[in-house]
Amino acid sequence: MTLLPRRLDQTCIEEFLSSFDNVLSDCDGVLWYGDTLLGQANEALNQLRALGKKIFYVTNNSTKSRDEYVAKCKRLGYIADKEEIVSSSYVMAQYLKQLDFNKKVYIIGMSGMTKELDDVGIGHSEVAPEPLTGHVFDLVDTIKLDPEVGAVAVGFDGHFSFPKIMRAASYLNNPNCLFICTNTDEKFPIENSSLIFPGTGCLVKCVEVVAERPPVVMGKPSEKMFSVISDKHQLKPSRTLMIGDRCNTDILFGKNCGLHTLVVLSGVTTMKDLEDWADSTDEEKHKLLADYYLPELGDLVSLLNNRNIQ
Ligand SMILES: [Mg+2]
């Protein structure tokens, strides 16, 4: 028996559609690539909505606020409202709110994080570049810590720098200071390039090493992301489908939360990856294998259209 995900086709489309009421879809690599729509993915998701499925956009990307995500969805032809957007920044804000956190958050990240904290009334440092300007040892005299800070949150930050690491590590030297991160994604694919685009995970790891303790992860594959959605919208895991392109976050998240899973091969994961994991004797690798796969989400459109004429 093969462990490979089943190719979603006309023979199993009815069984597939009847297995879920809710859809959680990853964004980058599934719905779009950067600012470009991926094929007919918008049509596919909108058709699932027309069939009565609840749709949620679930992303580890912490750089945009939910309002900015709604605008992006609409620009690319997706129906969306703010309640349907679940980003790692939003989960971070909800997590701190649930803890009744009443101090300030030192942010390594971008405005997507600060806007979500503003929404729940939690104070934070401003996000801005903090480059090293003088001698590194001068930082001992120039860095002043804010006594109000009670948490360090690390997300994607293109202006990551030595002074920021030093500041974060100094706050985290207090064992009562919370350490959280938006996600631990390793890297992003860049089309038609031999360059590698580093993900948030490498920034988190950098702070983690000097802090000598691990962060609480907000994004996929952490179950925190699902608990924020399911608490608010009463979603049953057994009636929920997770769609993603990165198996160690999206699909593992689905498996961790007891969801149905569909992997699309339009982003990070390749068919070769699926074959290697299916052949592996390491059971941890088997957790990365979704129930179904499609080359891309837009392929669902013809499957949905053809079921009407059968
Ligand atoms: Mg993705």
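Note that this is a predicted model, so its numbers are computed, not measured. Atoms within a ligand are numbered from 1 in the order they appear, just like the ligands themselves.
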For this session: Only one of L24, T240, D250, D291 passes side-chain contact (heavy atoms from CB on, under 4.5 Å) with T261; say which it is.
Result: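 Of all the options given, the one that passes is D291.
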
Problem set entry | Sequence neighbours excluded - ring pair (Phe, Tyr, Trp, His ring centres under 6.0 Å) pairs with any residue from residues 200-237 |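 Checked against ring pair (Phe, Tyr, Trp, His ring centres under 6.0 Å) - neighbours excluded - the pairs reaching residues 200-237 are F56-H233.
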
Exercise. Between the side chains of D9 and T11, is a donor N or O closer than 3.5 angstrom to an acceptor N or O?
Worked result: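 On atom types as modelled, these side chains qualify, holding a pair under 3.5 Å.
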
Exercise. Just checking, is any N or O donor in the side chain of T63 or N61 under 3.5 Å from an acceptor N or O on the other one?
Worked result: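 Side chains of T63 and N61: pair found under 3.5 Å.
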
Problem set entry | side-chain hydrogen bond (donor to acceptor under 3.5 Å, both in side chains): pairs with one or both residues in residues 85-100, sequence neighbours excluded | Y90-K232

Problem set entry | Metal environment of the Mg ion (ligand 1), protein N/O/S under 2.8 Å | D26 OD2, D28 O, D245 OD1

Problem set entry | For K54, salt bridge (Lys or Arg N to Asp or Glu O under 4.0 Å) partners two or more places apart |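 Testing K54 for salt bridge (Lys or Arg N to Asp or Glu O under 4.0 Å), a comparison that skips the adjacent residues, returns none.
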
